[in-house]
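Taking it in order: structure first as structure tokens, then the write-up.
Ligands are counted one by one from 1 in listed order, and the atoms in each one are counted from 1 as well.
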Amino acid sequence: MKMEKTGQAEIHINDQTLVCPVYEGTEGEKAVDVSRLRKETGLITYDPGFGNTGSCASDITFIDGEKGILRYRGYDVADLAARCEFIEVAYLLVHGSLPTLAQRENYATLLNSHSMIHEDMREFFSNYPEHSHPMAILSAMAVSLSSFYPELRGDLKEDVDMTVARLISKLRTIAAFSYKKSIGEPAVYPRHDLKYCENFLNMMFSSPVRGEPINPVMADALNKLLIIHADHEQNCSTSVVRAVGSSGINLYASIAAGICALWGPKHGGANQHVIEMLEDIRREGGDVDKVLERAKNPRSPFRLIGFGHRVYKSYDPRAKIAKELCKKVIAATHTKDPLMDIAQELEEKALADSYFQERNLYPNVDFYTGLTYREMGIPTNMFTVMFAIGRLPGWIAQWLEMQNDSDARIARPRQIYTGPNLRKVAPIAKRK
Ligand code: SDX
């Protein structure tokens, strides 16, 4: 990790001065190293939600939120989405460079050879209640993989490659199986002759008795959607994967925790909630202005789902790609989705509204991806699962990077205690 000391900053506390190194990354991002602050002054930093905290240095993903730039290992996300297969991007994130043709073929073979899940694991699906959320099943299955498959030993490259392949290949199978379970159909097994995205669509939409032709527009859309989700530096779920991994636990358990974090409606779960919000608007007569007023009301907990971002203060580059994909899929299916019209009206009016302008609130990745998945025939409660399949290589790459980072320590923030001072326990009969 190329982080250079380029200066120093002074922190003055009463008559004490602490000189802290200033580090700079390869894109000019600067950070003050406050790691000696508590030891030397007794003070800690207070930064709720870690908005100003650099928890690590990383070679993987660069975001410029002001300019709307997103790059994986130096490649622009739009360039990758236009030219690569998802498994190439997975390889890039995990290995650091794009694969050659031979390396991509070997990787595809490796993934195919690990696409099945243990038959005993398949039995698990039958024991979940019918309306279980697929994210609950996905996280439980991810951690269960650690019981069925040997743990990764970080010192052996083959072990690392195999564990990574298992996760990337098997979680896709698990996702499709959980959908089949939810509609009461038998699972469709993965096929060695299909590519990663085609294989997923086949497992989702074919049945053991009837093959369903795979629409190349859908396969291409899925490929691009997975690529735009593949990593996003230290977001909530990735920070969770790193935090859980920092305790020394295995990759499967760390990924399961990341899946749970992603499920939240303020994070990846927003792609499902966008559709629910658009459906509510349609049911209530299509009054977009009413929804915008609710979102702007500081006394209402409601926020415009799919809008706003901690890092992007301009249009999320992924939302641009997703919007175009959505239009392409709609054209290919010859449908007219009224929710797309509502979404576009909502976007137009929000971007023209001073509340959203002053706060730099733009559509984020989740605004148009849900609509695209919907057009592809993927059910709403599977949208966040799709996000998780895409994000998996990023989580893995970040976890592996942390394992090799000599500065990494167990994640353990401090706090400012604001509860009662010391008090005595009264006998139970005397307590009020
Ligand atoms: C993802 O971090 C990542 O990288 C995540 C992600 C990834 O790839 O991993 O990009 C994926 O999680 C996308 C975000 C999905 N979530 C949503 O779409 C839910 C709706 N969005 C908001 O809840 C919100 O914008 C967040 C959670 C995304 C960000 O929260 P922040 O950083 O705490 O918001 P902020 O401090 O920048 O907000 C500033 C102001 C506040 O108003 P004031 O107190 O200044 O008056 O903007 C307001 C907020 O109330 N605001 C919104 C709003 N988002 C922020 N007002 C109305 N609608 C919104 N959506």
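There is a protein heavy atom closer than 4.0 angstrom to atom 54 (N) of ligand 1. Less than 4.0 angstrom separates atom 21 (N) of ligand 1 from at least one non-hydrogen atom of the protein. For atom 30 (O) of ligand 1, the nearest protein heavy atom lies 4.0 Å away or farther. Closer than 4.0 Å to atom 8 (O) of ligand 1 lies at least one heavy atom of the protein. Counting only heavy atoms, the protein never gets under 4.0 Å from atom 39 (C) of ligand 1. By the definition of a contact as any protein heavy atom under 4.0 Å away, atom 34 (O) of ligand 1 is not in contact. Distance check for atom 26 (C) of ligand 1: every protein heavy atom is found at 4.0 Å or beyond.
Counting heavy atoms under 4.0 Å from ligand 1, residue Met277 does not touch it at all. Contact annotation: for Phe387 versus ligand 1, heavy atoms closer than 4.0 Å belong to the side chain alone. No part of Val311 comes within 4.0 Å of ligand 1, judged by heavy-atom distances. By the criterion of a heavy-atom distance under 4.0 Å, the side chain of Tyr355, and not its backbone, is placed next to ligand 1. When heavy-atom distances to ligand 1 are checked against a 4.0 Å cut-off, Arg318 comes that close only through its side chain, counted from C-beta outward.
Expressed to the nearest 0.5 Å, how far CG of Asp289 lies from CG of Asp353 amounts to 9.0 Å. Taking NE2 of His229 as the start and CZ of Phe387 as the end, the distance is 4.5 Å to the nearest 0.5 Å.
Judged by the 6.0 Å distance and 45° axis criteria, Arg166 is not positioned over the aromatic ring of Tyr149. Both tests hold for Arg172 against Tyr196: distance to the six-membered ring centre under 6.0 Å, angle to the ring axis within 45°.
A donor-acceptor contact shorter than 3.5 Å links the side chain of Asn404 to the backbone of Leu400. Side chain of Ser237 to main chain of Leu262: no donor-acceptor pair is present (N/O by atom type, distance under 3.5 Å, no hydrogens or angles).
Selection from Gly308, Pro265, Gly394 by nearest heavy atom to atom 19 (C) of ligand 1 gives Pro265. The heavy atom nearest to atom 58 (N) of ligand 1, considering only Leu304, Leu262, Val274, is found in Leu304. Around atom 47 (O) of ligand 1, the closest heavy atom drawn from His309, Arg359, Arg303 belongs to Arg359.
In this structure, atom 24 (C) of ligand 1 lies nearest to the protein heavy atom Phe307 O, 4.2 Å. Closest to atom 13 (C) of ligand 1 among all protein heavy atoms lies Asp366 OD2, 3.5 Å.
Assignment of Lys313 to the shell around ligand 1 is supported, since a heavy atom sits closer than 4.0 Å.
Note: His309 and His232 meet the aromatic proximity criterion, with ring centroids under 6.0 Å apart.
Aromatic ring pairs are classed by plane angle as parallel below 30°, tilted from 30° to 60° and perpendicular above 60°; the pair Phe307 and Phe356 is perpendicular. Between Phe383 and Tyr373, the two ring planes are tilted [angle within 30° to 60°].
Counting heavy atoms of neighbouring residues, nucleotides and ligands inside a 6.0 Å radius, atom CD of Glu4 does not exceed 12 of them. Counting non-hydrogen atoms of neighbouring residues, nucleotides and ligands closer than 6.0 angstrom, the NZ atom of Lys349 exceeds 12 such neighbours.
With ligand atoms numbered from 1 in the order given, ligand 1 contributes 15 (C), 16 (N), 17 (C), 18 (O) to contacts under 4.0 Å with heavy atoms of Ala270. Less than 4.0 angstrom separates some heavy atom of Leu361 from each of these atoms of ligand 1: 47 (O), 51 (N), 52 (C), 53 (C), 54 (N), 55 (C), 56 (N). Each of the following atoms of ligand 1 lies closer than 4.0 Å to a heavy atom of Gly306: 17 (C), 18 (O). The distance from ligand 1 to the heavy atoms of Ala295 drops below 4.0 Å at these ligand atoms: 57 (C).
Of the residues Ile330, Leu325, Leu339, Val217, the one that meets the side-chain contact (heavy atoms from CB on, under 4.5 Å) test with Glu375 is Ile330.
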Subject >> side-chain contact (heavy atoms from CB on, under 4.5 Å) between Met204 and Glu212, intermediate numbers included >> reply: CA-CA 10 Å; Met204 286 285 288; Glu212 195 64 42; over 6 Å; no

